[in-house]
Amino acid sequence: MNAPAPNMKKGNLFILSAPSGAGKSTLCKAVLKQYNDILYSISHTTRKPRQDEQDGVDYYFITEDDFLEKINHGKCAEWAEVHGNYYGTSADFIDKQKASGCDILLDIDVQGARQILERYPDSITIFIMPPSLDALKQRMQSRGMDSEDVIGGRMANAEKEMTQRNQYRHVIVNDTLADAVTEILAVIGKYRK
Ligand code: 5GP
């Protein structure tokens with residue numbers, strides 16, 4: 001029997017959201033490096049992999065049909081359409097790992113964060129803010145990955161997401177990366193047993 005003892009402490013869910021370009025991936029990596037027993041929730045997405053991304057590591061890259069089937073069978077703890085693609089979190093993964101006492105880090109958007117909070121109200125939500133909208137635009141442009149049109153869409157989405165930061169328990173402004181890393185490690189460290 002693998003069922004956890006009834007009094008065993010359940011794992012924490014740490015939800016990280018940020019507008020695209022605010023430095024969330026870097027902060028995620030820093031958290032997982034420092035706390036190497038926190039599990040990363042690998043999302044399913046219908047987006048095509050980018051050059052440096054690996055299936056089963058960064059995401060599970062699946063077809064739209066497979067994604068819709070997952071939703072229809074209640075396999076997602078949350079899901080959302082972001083920038084024209086579907087993204088979702090595996091309910092099985094979260095339920096099993098949380099029940100066994102593991103802490104989990106989710107990198108999901110504000111729509112997903114809201115759904116996870118409804119399902120797991122004790123989740124710890126963290127929003128990463130860019131220092132300003134101008135700085136965000138400059139970061140997107142300097143990455144050289146997207147056209148001006150795509151950047152325009154991402155900026156509009158970023159503004160919308162940033163208006164919802166007050167729904168998060170913690171807000172960290174990523175002005176200087178080193179300071180933001182120190183801050184997020186301190187926030188997460190506070191909740192760990
Ligand atoms: P990207 O395509 O740049 O990796 O991610 C785009 C956005 O989708 C980011 O804001 C990221 O946090 C969000 N995202 C990634 N996985 C999930 C997920 O499983 N659910 C939701 N709701 N958003 C996700």
Side-chain angles (χ1 to χ4, degrees), residues 13-32 38-64 66-71 73-95 97-98 104-120 123-130 133 136-137 139-147 149-165 167-168 170-172 174 180 184:
L13 294 188
F14 295 105
I15 303 178
L16 214 56
S17 300
S20 149
K24 185 175 43 163
S25 314
T26 311
L27 291 173
C28 250
K29 285 191 187 123
V31 169
L32 296 171
I38 296 185
L39 296 176
Y40 179 65
S41 166
I42 303 171
S43 298
H44 291 78
T45 184
T46 58
R47 166 167 81 60
K48 296 280 166 281
R50 297 185 182 125
Q51 218 173 13
D52 55 343
E53 287 179 326
Q54 264 181 282
D55 186 41
V57 176
D58 301 284
Y59 282 104
Y60 295 110
F61 296 98
I62 62 173
T63 62
E64 198 164 310
D66 287 347
F67 193 93
L68 295 176
E69 196 180 307
K70 275 187 188 300
I71 296 173
H73 287 89
K75 301 274 186 200
C76 290
E78 64 74 32
W79 67 275
E81 191 181 338
V82 187
H83 306 141
N85 295 297
Y86 290 121
Y87 295 82
T89 300
S90 160
D92 238 28
F93 174 81
I94 302 291
D95 289 338
Q97 299 301 342
K98 186 170 166 47
I104 305 168
L105 180 67
L106 294 93
D107 167 347
I108 60 177
D109 84 325
V110 292
Q111 308 169 76
R114 211 174 299 127
Q115 297 169 54
I116 291 286
L117 263 183
E118 269 169 32
R119 193 170 169 132
Y120 312 97
S123 301
I124 298 133
T125 50
I126 306 171
F127 192 89
I128 311 296
M129 283 280 289
L133 282 171
L136 189 66
K137 191 164 185 189
R139 280 185 202 169
M140 285 189 207
Q141 286 169 330
S142 65
R143 286 200 299 204
M145 280 182 359
D146 300 306
S147 66
D149 256 13
V150 170
I151 291 178
R154 285 180 186 261
M155 284 300 297
N157 200 41
E159 278 193 65
K160 209 167 92 195
E161 288 198 321
M162 281 159 61
T163 62
Q164 297 176 56
R165 65 183 180 275
Q167 295 171 21
Y168 285 70
H170 301 275
V171 177
I172 294 176
N174 186 6
I184 196 167

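As the structure lists them, so they are numbered: ligands from 1, and atoms in each ligand from 1.
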Check: E78/T89 side-chain N/O donor and acceptor closer than 3.5 Å: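 A donor-acceptor contact under 3.5 Å links the two side chains.
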
Under 4.0 Å, heavy-atom basis, I'd like to know which part of [X] is in contact with ligand 1: side chain, backbone, both or neither.
{"X": "V82", "value": "side chain"}
{"X": "H44", "value": "neither"}
{"X": "K48", "value": "neither"}

At a 4.0 Å threshold, what atoms of ligand 1 neighbour a non-hydrogen atom of [X]?
{"X": "D107", "value": "11 (C), 12 (O), 14 (N), 15 (C), 16 (N), 17 (C), 24 (C)"}
{"X": "T89", "value": "19 (O)"}
{"X": "G112", "value": "22 (N)"}

Derivation and outcome, salt bridge (Lys or Arg N to Asp or Glu O under 4.0 Å), residues K75 and D92: CA-CA 7 Å; K75 301 274 186 200; D92 238 28; 5.8 Å; no

Starting from [atom], what is the nearest protein heavy atom, named by residue and atom, and what distance separates them?
{"atom": "atom 5 (O) of ligand 1", "answer": "Y59 OH, 3.4 Å"}
{"atom": "atom 6 (C) of ligand 1", "answer": "Y87 OH, 3.7 Å"}
{"atom": "atom 10 (O) of ligand 1", "answer": "K24 NZ, 3.3 Å"}
{"atom": "atom 13 (C) of ligand 1", "answer": "D109 N, 3.8 Å"}

Heavy-atom proximity to atom 18 (C) of ligand 1, best of Q111, R154, E53, E78: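 Considering heavy atoms of Q111, R154, E53, E78, the nearest to atom 18 (C) of ligand 1 sits in E78.
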
Exam field: side chain S17 to backbone I108, donor-acceptor pair closer than 3.5 Å: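 Checking the backbone N and O of I108 against the side chain of S17, a donor-acceptor pair under 3.5 Å is found.
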
Side-chain donor or acceptor of R114 paired with backbone N/O of Q111 under 3.5 Å: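 A pair under 3.5 Å: no.
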
Within-cut-off N or O pair, A80 and ligand 1, under 3.5 Å: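 In this structure, A80 places no N or O atom under 3.5 Å from an N or O of ligand 1.
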
N/O separation below 3.5 Å, S43 to ligand 1: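 Between S43 and ligand 1 (N or O atoms, distance only) the closest approach is under 3.5 Å.
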
Those residues that, when tested against F127, pass ring-ring contact (aromatic ring centres under 6.0 Å, His included) (two or more places apart):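 If we apply the ring-ring contact (aromatic ring centres under 6.0 Å, His included) test to F127, skipping adjacent residues, the hits are Y168.
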
With Y60 via ring-ring contact (aromatic ring centres under 6.0 Å, His included) - residues at least two apart: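 Result, ring-ring contact (aromatic ring centres under 6.0 Å, His included) vs Y60: H44.
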
Mutual orientation of the aromatic rings belonging to F67 and Y86 [parallel < 30°, tilted 30-60°, perpendicular > 60°]: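 It falls in the parallel class, under 30°.
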
Exercise: identify the closest heavy-atom pair between A22 and M129: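 Nearest pair, atom of A22 first, then M129: CB-C, 4.5 Å.
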
Given V57, D58, D107, I104, the one that forms side-chain contact (heavy atoms from CB on, under 4.5 Å) with Y40: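 Only one of V57, D58, D107, I104 forms a side-chain contact (heavy atoms from CB on, under 4.5 Å) with Y40, namely D107.
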
